[in-house]
Amino acid sequence: PGEPFTPLYDKLPPLTPEDTLRFMKAIAPEGSQREFKESGVCEFGLPFESKAHFFVTVFRERGHCALRLRLVPKRPSALDDEDMPPKDGA
């Protein structure tokens, strides 16, 4: 269901190392930026509206900042109110 996946890499210009570092600094919390500077890697979550969030990994590749973003859809909890029996026992 939904629209088919369309890769964007062939439609967008390549990012420079400076672009990637600037993007990381725009989305990463300060603590994650500090962790990346000290260890060369960090991970954090980034909310996307109320529908999902991104799991972000920042690392060094060939001496430059690189990012991997995975979209994690928000799924209803197994204990969602709609799945629970009525409170009055009916």
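Considering CD of Q33 and CE of M24, their distance stands at 5.0 Å, rounded to 0.5 Å. The CG atom of L69 lies 11.0 Å from the NE2 atom of H53; values are rounded to the nearest 0.5 Å.
The hydrophobic cluster containing L46 does not contain F59, counting ILVMFWY residues as joined when their side-chain heavy atoms lie under 4.5 angstrom apart, directly or transitively. In the hydrophobic clustering of this structure, L15 does not group with V58; members are Ile, Leu, Val, Met, Phe, Trp, Tyr whose side-chain heavy atoms approach within less than 4.5 Å, directly or through other members. By the rule that hydrophobic residues join a cluster once side-chain heavy atoms approach within less than 4.5 Å of another member, V72 and L67 end up as members of separate clusters. At a threshold of 4.5 Å between side-chain heavy atoms, the hydrophobic network of Ile, Leu, Val, Met, Phe, Trp and Tyr places V41 and F55 in two separate groups.
Annotation: side-chain hydrogen bond (donor to acceptor under 3.5 Å, both in side chains) contacts involving residues 63-73, sequence neighbours excluded, are absent. Within the structure, every pair that satisfies the side-chain hydrogen bond (donor to acceptor under 3.5 Å, both in side chains) test and touches residues 21-31, not counting sequence neighbours, is listed here: D19-R22.
Between K74 and S50, the closest heavy-atom pair is CD-O, 3.3 Å. When all heavy atoms of A52 and P73 are compared, the closest pair comes out as CB-CA, 3.7 Å. Closest heavy-atom contact between L21 and C65: CD1-CB, 4.1 Å. Shortest non-hydrogen contact noted between C42 and S32 is SG-O, 3.3 Å.
In this structure F54 satisfies the ring-ring contact (aromatic ring centres under 6.0 Å, His included) test together with F48, sequence neighbours excluded.
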